[in-house]
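First the structure, in the form of structure tokens, and then the observations on it.
This is a predicted model, so every value here is computed, not measured.
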Amino acid sequence: MKVIERRVMSVIVVLIGALLLYFYQHEKLSGYLKEKFHIYVLIGGLAALVMAVFSFLTAGMESDCGHDHGDGNDEEGCDDHEHGGDMNPFVALMIVALPMFFSLSWTTHGISEARQDALSEKDVSSADFSFTDLPPFTLETLEKSTSKAPDGAFMLNIFELFFTAGDTVQEKVVNGLYVETEAKLRNEPNRNPDGKRMRLFRLMMTCCAADAQAVPMTIEFEGETPDIGHNSWVRVAGIMSYERQDGVVYPLLKVKRIEEIPVPDGEWSEGLMK
């Protein structure tokens, strides 16, 4: 019976190792964990499998129970001891296997819309993020390193635009430029006195999905705001500007054109990040 119990417990460890390796080779892992940490998932999965195989193959081997029973009574002492309190291995297998099965079958591998709304409604300052020193930034380097849309707009992602705010050098270069970016669209919950503003955002994580933050940028329309669904992906082009409020610099894009687009490659409609 002890051999069966040990082998069942080994199967549990195999399941855990197999799950880690499944996620390591799957693109979904990038939505849960920053790429630089993926190697630890691989190491953990392989280590679990090695331990499980070793435990399975040695399950029938006898070993000292580790107790000091006095002279001449080691074997009897081990037999007489009751090592109670251990969980039934088959119960343990069900506790691990069933949630694992249902989670893999039904999870959407995404961040809920409610969670996205809670993250994206917050005003964030670029000063809240810390980075290593960046190389000098000029219009010449922007021209050389950035593609342009057919109508001449600089094609920049929202992170690049957001982090220009508060940096006097980058602000001076980007302020007044015609730029294009892609992001998710929602209503503007703050700093929207005339009702002509909406908000772009994308989610960014430092290490894993649990620490995800929304990087937002306000966009302003000359007329009415467009009838585009909440949290839809859009491509927007306009004139870049900045506004200051309570000592915080916020990027502001004055819209010239906007269109709804399909979910970009590498993104999930549920909101996971690259």
Side-chain angles (χ1 to χ4, degrees), residues 12-52 96 99-135 137 145 156-167 170 181-186 189-190 199-218 231 233 248-251 263-274:
I12 293 173
V13 180
V14 167
L15 289 177
I16 295 171
L19 179 66
L20 291 172
L21 294 180
Y22 164 77
F23 272 105
Y24 176 76
Q25 58 82 40
H26 207 292
E27 63 177 4
K28 292 184 179 72
L29 184 60
S30 294
Y32 292 96
L33 198 63
K34 200 74 172 175
E35 193 169 317
K36 64 182 178 181
F37 297 108
H38 289 191
I39 186 63
Y40 300 111
V41 177
L42 174 62
I43 292 172
L46 292 175
L49 290 183
V50 169
M51 289 190 295
V96 172
M100 188 181 295
F101 171 77
F102 288 117
S103 295
L104 288 174
S105 299
W106 290 333
T107 185
T108 58
H109 298 288
I111 297 177
S112 70
E113 188 166 292
R115 175 62 174 159
Q116 290 184 70
D117 287 347
L119 291 171
S120 63
E121 71 182 4
K122 298 177 183 177
D123 278 337
V124 181
S125 169
S126 60
D128 296 335
F129 299 83
S130 58
F131 294 91
T132 55
D133 292 336
L134 298 174
F137 183 79
S145 62
L156 298 166
N157 66 54
I158 192 173
F159 303 125
E160 292 170 314
L161 295 173
F162 175 80
F163 289 116
T164 62
D167 184 306
Q170 295 192 64
T181 193
E182 295 179 354
K184 302 189 83 170
L185 182 71
R186 59 158 295 159
N190 311 310
R199 173 172 289 200
L200 301 176
F201 75 94
R202 287 185 69 173
L203 299 180
M204 181 181 75
M205 60 183 175
T206 304
C207 69
C208 58
D211 76 350
Q213 297 184 68
V215 171
M217 186 170 70
T218 301
N231 281 343
W233 280 91
V248 180
V249 182
Y250 298 104
V263 180
D265 292 340
E267 298 282 349
W268 284 270
S269 57
E270 298 84 0
L272 286 179
M273 308 68 65
K274 270 179 122 177

Determine the minimum heavy-atom distance between [X] and [Y], stating which atoms define it.
X	Y	answer
Phe163	Asp167	O-CB, 4.4 Å
Leu33	His38	O-NE2, 3.0 Å
Leu20	Gly44	CD1-C, 3.7 Å
Leu119	Ala212	CD2-O, 3.6 Å
Pro216	Pro251	O-CG, 4.5 Å

Is the closest side-chain heavy-atom distance between [X] and [Y] below 4.5 Å?
X	Y	answer
Thr181	Leu156	no
Val124	Val215	no
Leu21	Leu49	yes
Asn231	Leu185	no

Q) Can you tell me if OH on Tyr22 sees more than 12 non-hydrogen neighbours from other groups inside 6.0 Å? A)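 Yes, the 6.0 Å shell around OH holds more than 12 heavy atoms from other groups.
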
(Q) Among residues at least two apart in sequence or on other chains, which ones pass salt bridge (Lys or Arg N to Asp or Glu O under 4.0 Å) with Arg199? (A)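 For Arg199, the residues satisfying salt bridge (Lys or Arg N to Asp or Glu O under 4.0 Å) (neighbours in sequence not counted) are Asp123, Glu188.
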
How many angstroms lie between atom [atom1] of [X] and atom [atom2] of [Y], to the nearest 0.5 angstrom?
X	Y	atom1	atom2	answer
Leu19	Met100	CG	CE	5.0 Å
Leu200	Glu182	CG	CD	11.0 Å
Ile158	Met204	CD1	CE	11.0 Å
Arg202	Met217	CZ	CE	11.5 Å

task = Only counting residues at least two apart or in another chain, list the ones meeting side-chain hydrogen bond (donor to acceptor under 3.5 Å, both in side chains) with Ser120.
result =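 Partners of Ser120 by the side-chain hydrogen bond (donor to acceptor under 3.5 Å, both in side chains) criterion, ordered by chain and then number, come out as Arg186.
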
- Report the residues that fulfil ring pair (Phe, Tyr, Trp, His ring centres under 6.0 Å) with Phe37, sequence neighbours left out, ordered by chain and then residue number.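 Per chain and number, Phe37 pairs via ring pair (Phe, Tyr, Trp, His ring centres under 6.0 Å) with no residue.
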
Determine whether a donor-acceptor pair (N or O, by modelled atom type, separation under 3.5 Å) exists between the side chain of Asn190 and the backbone of Glu121.
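Such a contact is found between Asn190 side chain and Glu121 backbone.
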
